[in-house]
Amino acid sequence: MKIGIVCYPTFGGSGVVATELGMALAKKGHQVHFITYKQPVRLDFITNDIHFHEVFVEEYPLFQFQPYELALSSKMVEVVEMYNLEILHVHYAIPHAYAAYMAKQMLKEKGIDVKVVTTLHGTDITLVGSHPNYKTAVEFSINNSDVVTTVSESLKNDTLSRFNIRKDIKVINNFIDFEKYPEIKDKECQRSNIAFENERIISHISNLRPVKRAADVIDIFYKIQKKIPSKLLLVGEGPDRELIEFKVKELGILDKVLFLGNSNEVNKLLCYSDLFLLPSETESFGLAALEAMAAKTPVISTNSGGLPEVNIQGVTGFLSDVGDTDDMAKNGIYILENSERLQEFKINAFKQAERFSMKNILPDYKKVYVDLIG
Ligand code: GMT
């Protein structure tokens, strides 16, 4: 098959899923064309079957905002024509689904019938997409995609309740490429680089936007480390970084918190981890939690959005109400205070992650494509 993948190329979950999907398809011999404004950060696999097409928007003094959607639609038309693409798979509705609709119409005029698959990821529905500024266009482009998928049941329900949707929505969960999670726990993962022998290692990975409630991460860690000697690894960059750095300093725990910035090797960082914190306001799925679980790390999360579909209460970790940092700290201490119990949670987390392995999920996407193009 010849597939165009449109995504955000940055560290956000939707870009990660789109890139992993493209690489997996290319490994199976399909022709994959990434169409976006920068090479995707997780693209770490080169073959004849992977192509990258940069969408370039030239600055012009008249424009206050650069017309990215226009340039993206034009690029999609150009690439579909040149490489005979059969499918455009767009990740994140804004503005990708709308730009794909425009490309489809332009191609129709040339007698080309390209199929559009839209995968909704979360904030394109919950936070941004349903805002009155975007709602009409998002609803229109969902209804005019050939196939629509969401990454969780929860996001499907959110989409149906916030928009007037006439299309069937398929749920295809996010997935993990287990080849990237080798048995590195004991061999290469030198915990002594980071923590003393008696310390537990706690981690959080996100783009530090307000929806991630990074200040709650600090609160939870502060409460845990009073009872259990521990270190906190913070991976990611974003608007709340300064706020939490300030908070860490104010609480006097600067020596226990490592700010590691963005990383595209989270699997290697997670190998150190005993516990993962994800106290988000909402998560359509929580790919970061799944990545932690694939690295045998139990998860303390909120119970909002799609998180209960990933993290199982009392088995792979615990879920609490948004903002209830006392409960999250209490649960974290419960897991960490007993080594046997911690080991059990680690094994359970890994087993649950295996349910979302790429080999289980990839066939669902392939079926969508095959059903569309025959
Ligand atoms: O929230 C992020 O970190 C980025 C965002 C995105 O779209 O890039 O993530 C969303 O998509 C991920 C992949 O499907 C999901 O795992 C995240 O839960 C979702 N984020 C939210 O719903 C807040």
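Residue numbers run from 1 in the order of the sequence given. These values consider heavy atoms only, across backbone and side chains, with no hydrogens, waters or symmetry-generated copies. Order of listing sets the numbers, starting from 1, for every ligand and every atom in it.
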Query raised in the report: Is S206 in contact with ligand 1, taking contact as a heavy-atom separation below 4.0 Å?
Result: no
Query raised in the report: Strictly by modelled atom types, are H33 and H53 linked by a side-chain donor-acceptor pair under 3.5 Å?
Result: yes
Query raised in the report: Any idea which protein heavy atom is nearest atom 10 (C) of ligand 1, and the distance to it?
Result: H121 O, 3.4 Å
Report summary line: Quick note on ligand 1: atoms under 4.0 Å from a heavy atom of E283 include exactly 17 (C), 18 (O), 19 (C), 20 (N), 21 (C), 22 (O), 23 (C)
Query raised in the report: So is K256 actually on top of Y222's ring, under 6.0 Å and inside 45° of the axis?
Result: no
Query - Side-chain donor-acceptor contact under 3.5 Å, E354 with S357 - result: no
Requested in this report: Check ligand 1 against N174 and write out every atom of the ligand that is under 4.0 Å from a heavy-atom position of the residue.
Outcome: 13 (C), 14 (O), 16 (O)
Report summary line: ligand 1 atoms nearer than 4.0 angstrom to some heavy atom of T123 are 23 (C)
Query raised in the report: Just which atoms of ligand 1 are under 4.0 Å from any heavy atom in G12?
Result: 4 (C), 8 (O)
**Report entry** Distance filter under 4.0 Å to V151 heavy atoms, resulting ligand 1 atoms
**Finding:** 14 (O)
**Report entry** A18, G13, G122, S284: member with heavy atom nearest to atom 15 (C) of ligand 1
**Finding:** S284
Query - Side chain to side chain, L275 and F345, heavy atoms closer than 4.5 Å - result: no
Report summary line: In short, I224 meets I202 closest at the heavy-atom pair CG2-CD1, 3.8 Å
**Report entry** Proximity of T126 to ligand 1 by residue part, where a heavy atom lies under 4.0 Å
**Finding:** neither
**Report entry** S320 side chain to D327 side chain, donor-acceptor N/O pair below 3.5 angstrom
**Finding:** yes
Query raised in the report: Does a sphere of radius 6.0 Å around NZ in K170 hold more than 12 heavy atoms from other residues, nucleotides or ligands, not counting ones at 6.0 Å or beyond?
Result: no
Query raised in the report: Nearest heavy atom to atom 4 (C) of ligand 1: which of E281, H91, R209, E291 does it belong to?
Result: R209
Query raised in the report: Under 3.5 Å between some N or O of ligand 1 and some N or O of V211?
Result: no
Report task. For T282, counting its heavy atoms only, list the atoms of ligand 1 lying under 4.0 Å from any of them. Result -> 23 (C)
Report summary line: Taken to the nearest 0.5 Å, the spacing of E309 CD from S284 OG works out to 9.0 Å
Query raised in the report: By number and element, which atoms of ligand 1 are closer than 4.0 Å to a non-hydrogen atom of L287?
Result: 16 (O)
Query raised in the report: Going by heavy atoms in the side chains, are T316 and M293 under 4.5 Å from each other?
Result: yes
Report task. Below 4.0 angstrom from a heavy atom of Y92, which ligand 1 atoms are there? Numbered from 1 as shown, please. Result -> 7 (O)
